[in-house]
Protein chains: 4
Amino acid sequence: MVKRIASSIKDKKLIERRRAELHKGAVQLFKEKGFHRATTREIAKAAGFSIGTLYEYIRTKEDVLFLVCDAIYDEVKARMENVIDTTATSEEALYQAVESYFQLMDDMQDEVLILYQEVKALPKDAQEYVLEKEREMLGMFEEVISNGFPNLLSPQEINLVANNLLIQGQMWSFRRWALQKDFSLEEYTNVQFQLLKSQLAHQAQQKGGTNDAAARSV
Amino acid sequence: MVKRIASSIKDKKLIERRRAELHKGAVQLFKEKGFHRATTREIAKAAGFSIGTLYEYIRTKEDVLFLVCDAIYDEVKARMENVIDTTATSEEALYQAVESYFQLMDDMQDEVLILYQEVKALPKDAQEYVLEKEREMLGMFEEVISNGFPNLLSPQEINLVANNLLIQGQMWSFRRWALQKDFSLEEYTNVQFQLLKSQLAHQAQQKGGTNDAAARSV
Amino acid sequence: MVKRIASSIKDKKLIERRRAELHKGAVQLFKEKGFHRATTREIAKAAGFSIGTLYEYIRTKEDVLFLVCDAIYDEVKARMENVIDTTATSEEALYQAVESYFQLMDDMQDEVLILYQEVKALPKDAQEYVLEKEREMLGMFEEVISNGFPNLLSPQEINLVANNLLIQGQMWSFRRWALQKDFSLEEYTNVQFQLLKSQLAHQAQQKGGTNDAAARSV
Amino acid sequence: MVKRIASSIKDKKLIERRRAELHKGAVQLFKEKGFHRATTREIAKAAGFSIGTLYEYIRTKEDVLFLVCDAIYDEVKARMENVIDTTATSEEALYQAVESYFQLMDDMQDEVLILYQEVKALPKDAQEYVLEKEREMLGMFEEVISNGFPNLLSPQEINLVANNLLIQGQMWSFRRWALQKDFSLEEYTNVQFQLLKSQLAHQAQQKGGTNDAAARSV
DNA sequence: GATGAATGAGGATTCATTCAT
DNA sequence: CATGAATGAATCCTCATTCAT
């Protein structure tokens, strides 16, 4: 499942270091000009090395984009894993997850935007790889939801709520023009929370269960 | 606010006809290869005329993209106006609007995808124009919501619910890989409805109002 | 067997004209710098058009080389066909053929040299095509020899004599440094003739045939 | 006339050893890809050392080619000197020389091919050096011919027969596609012998000399 | 109005060579 | 002596755009 980018450099540590520099420069550059308008020379410059050196660490321009996308998911995963307890049975776990996720999307706004706008520029197999990563994220949220509110939602509903949450986080980045002038991140998080709670609480009510977490929590 | 694409052709009818052909060919082509990978020659061919003729109806390649985007919004607007009654005070009006909108997003999946992936390739002023169109859409939904459920939600909440609905329609297209294998459009619409209703009903309940539409409707 | 080079130009006549210009410029250039050292821009310039125009008539740099090689064989074939009578049963026919061939090799010295030095730069399939052309040439000589001196030589001997003649013509070009300071073309032709005659005459003698053309002719 | 390739290494033995490795790897590589398509990195790898080390033993890529060409002539010379007696006055000496030479060309097919296809890639002065080597070879053959058959042929005829023999040996390599499917090396040698003898015998006959070696030998 | 040949700026990629370790 | 990371000039090719017919 892991996709490796070939490099003619032998020193593994060096590859890692250089690619981190590359990632940083490229994100900045892609944010400004987009992937297509950025030339390989500009990418090299932004990363702080020569065009020749750039090509010691990648094979094609598309590799740079993939490197960026891959690194984004690595960081998202790393940060979410620190925060999420997929076995916790409390509603708190869900809220905690959502809050952390929204915070993460706020921290990585530029990266998320790039992800949204440039994936289709990736070669087909890399696109597939990215989708797989998204599916992992989705699975994580589904788990948190179903653990937090067992027996409350149908699998289909869980799936949909997870999808909704996922893109609500991402839209904070790609619809910033619509949201960030009316909401602070805290407000955004709170209101989306409130609406989510309403959904769950009402569902719980419908089920009639009085000992139900969602119902109580409202 | 309306942006006009210059053309050296005088006959208005002809321009319209040609641009319709252009739109159709271009959408198909952009769906397959994306805007950047499509060459002007391919665009001309897909539209059924020569490269020389293409440039009689547009000035730059970006114009083609803008033409496509513009036409999308024109159609969205036309179809939504037929269906939406922004003055209706019934919850039904909202549900009606959402259902129509989701149906529209299903009909225009390819176009929506292009919109999502290629706007950043537009020149800045055209991007601004597209954002304005999105704002109009947003305003429309806000109106339907606030008319359907007066006094139920705060302006901020209305804004957020409208944004959520808008992208829920669009994600049916751009997350089709995650949604369309688990949902038919009808199912998708129904479940999202249900969740929306839950939100509104629960909000109504909180407000304690017994004469409230949302509360009754559940 | 015919290999076509793709072109985006529709006018067949134009293609032919332009490619003739291309051939002429390229031969001159390749003679001076060799194929590898010649840049595509230089090729375009030598042919009298822009780099963009060059690529309207070929797809890759290698195509230029193939075009040149192909044109060489076309001309060789055209000129030899005018001169050779493969059905003639006279020794004169052979001598006539050889003389014309040597003259041709003299006229096309630069082209022959290019052929010798650059074929291996062609893509595999084009190399195969060139070999096929050489085989045709070989067959032509074999026919002239066996018609000119029926029953004198074994097929193997015919094959070898044909090969010898073929490269004796070509070496006039590629070993010019060794030959052209000691021989005029006429001398070279005469001496090689004389040696060839000796071979045939002696073979005839060996066979004891007194009515044999080769024996008498000496 | 000897061209020295500069090296920064002091140890003469080491230089010689390294260059032998280099020669071996390079011939193999050039045979497969040709000189131009082979990169210096590939050359280094084929020789079994690093790119840095390669450049300790040569100064430019062309040096590698020259090294190869030079080594070829060294071996040709060494092997021919063992075999040829340029003072012998017997026809046998010539036949002996030719047979050995053809055998040598068979043994060094790949090298000969490289020589034919890549000399023009050498710098001008190196090309001159190679020509000089060829002239030496030519002189050797001329001597063997004129010693073997004194007074039989004019200097011009000797020159031409020598040239013919030389390239008949080489064409066994560069026209292998035409020859090696119809002839074994032995057959090729025998038939070319026979034809050569015919020439000489007939010449002798013409001269009327009855005590002549060539005439008797047939 | 329509056509398509011509243009050349621009961009991705390669690779011979160097030099610090 | 050996290594291999770094360099950037050089090169092939593409493609948006123009304009004469």
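On a predicted model such as this, the values are computed, not experimentally measured, just so you know.
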Could you go through C:Val119 and D:Gln117, starting from their C-alpha distance and side-chain angles, then the distance that decides it, and tell me whether this counts as side-chain contact (heavy atoms from CB on, under 4.5 Å)?
CA-CA 8 Å; C:Val119 230; D:Gln117 296 177 331; over 6 Å; no
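- Side-chain contact check for A:Leu29 versus A:Lys33: some heavy-atom pair is nearer than 4.5 Å.
- Using a 4.0 Å cut-off on heavy atoms, the residues of residues 9-18 of chain A that approach DNA chain F are A:Ile9, A:Lys10, A:Asp11, A:Leu14, A:Arg18, listed by number.
- With D:Phe66 as the partner, the ring-ring contact (aromatic ring centres under 6.0 Å, His included) test is satisfied by one option alone out of D:Tyr73, D:Tyr129, D:Phe35: D:Tyr129.
- Both A:Thr53 and B:Leu54 sit near DNA chain E, but only B:Leu54 has its closest nucleotide nearer the 5' end.
- Side-chain proximity of B:Tyr55 to the nucleotides F:dT17, F:dA6, F:dC1 is greatest for F:dT17.
- Using a 4.0 Å heavy-atom distance criterion, C:Ser8 is classed as a sugar-phosphate-only contact.
- When rounded to the nearest whole Å, the span between CD1 of C:Ile51 and C1' of F:dT17 equals 18 Å.
- Residue whose closest nucleotide on DNA chain F sits further toward the 5' end, between C:Phe35 and D:Glu56: D:Glu56.
- Side-chain contact between C:Ile43 and C:Phe30 is present, with at least one heavy-atom pair separated by less than 4.5 Å.
- Ring orientation note: the planes of D:Tyr116 and C:Phe174 are nearly perpendicular, at an angle over 60° on the 30°/60° scale.
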Pairs counted only when both distances fall under 3.5 Å, Watson-Crick or G-U: show me the 5' to 3' dot-bracket for DNA chain F, [ ] for pseudoknotted crossings and | for other-strand partners.
.||||||||||||||||||||
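- You'll find the side chain of D:Ile72 stays beyond 4.5 Å of the side chain of D:Val112, heavy atoms only.
- The local environment of NZ in D:Lys24 is sparse, with at most 12 non-hydrogen atoms from other residues, nucleotides or ligands closer than 6.0 Å.
- Sequence order on DNA chain F of the closest nucleotides to C:Arg59 and B:Arg59 puts C:Arg59 first from the 5' end.
- The distance from atom CD of A:Glu21 to atom C1' of F:dA5 is 13 Å, rounded to the nearest whole Å.
- In this structure, the CG atom of C:Leu65 is 15 Å from the C1' atom of F:dC12, given to the nearest Å.
- Proximity of A:Arg19 to A:Ser7: side-chain heavy atoms (C-beta onward) are separated by under 4.5 Å at one or more points.
- Remark: P of F:dG4 and CZ of A:Phe49 are 20 Å apart, rounded to the nearest angstrom.
- Within a 6.0 Å sphere centred on NZ of C:Lys45, other residues, nucleotides and ligands contribute 12 heavy atoms or fewer.
- Note: NZ (B:Lys61) to P (F:dT17) measures 9 Å, nearest angstrom.
- Taking a 4.0 Å limit (strictly below) on heavy-atom distances, residues 37-45 of chain C reaches DNA chain F at C:Ala38, C:Thr39, C:Thr40, C:Arg41.
- Rounded to an integer number of Å, the gap from NE2 of A:His36 to P of F:dC15 is 11 Å.
- Dashed line: the shortest gap from a side-chain N or O of D:Tyr57 to OP1 or OP2 of F:dA2 is under 4.0 Å.
- Side-chain contact check for A:Tyr57 versus A:Ile9: some heavy-atom pair is nearer than 4.5 Å.
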Should A:Glu32 and A:Arg37 be marked as a side-chain contact (heavy atoms from CB on, under 4.5 Å) after you check the CA-CA gap, both sets of side-chain angles, and the distance that decides it?
CA-CA 9 Å; A:Glu32 282 166 22; A:Arg37 274 202 259 276; over 6 Å; no
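- Between D:Ser50 and F:dA2, a side-chain N or O to OP1/OP2 separation shorter than 4.0 Å is absent.
- Using a 4.5 Å heavy-atom cutoff, the side chains of B:Thr40 and B:Ile58 are not in contact.
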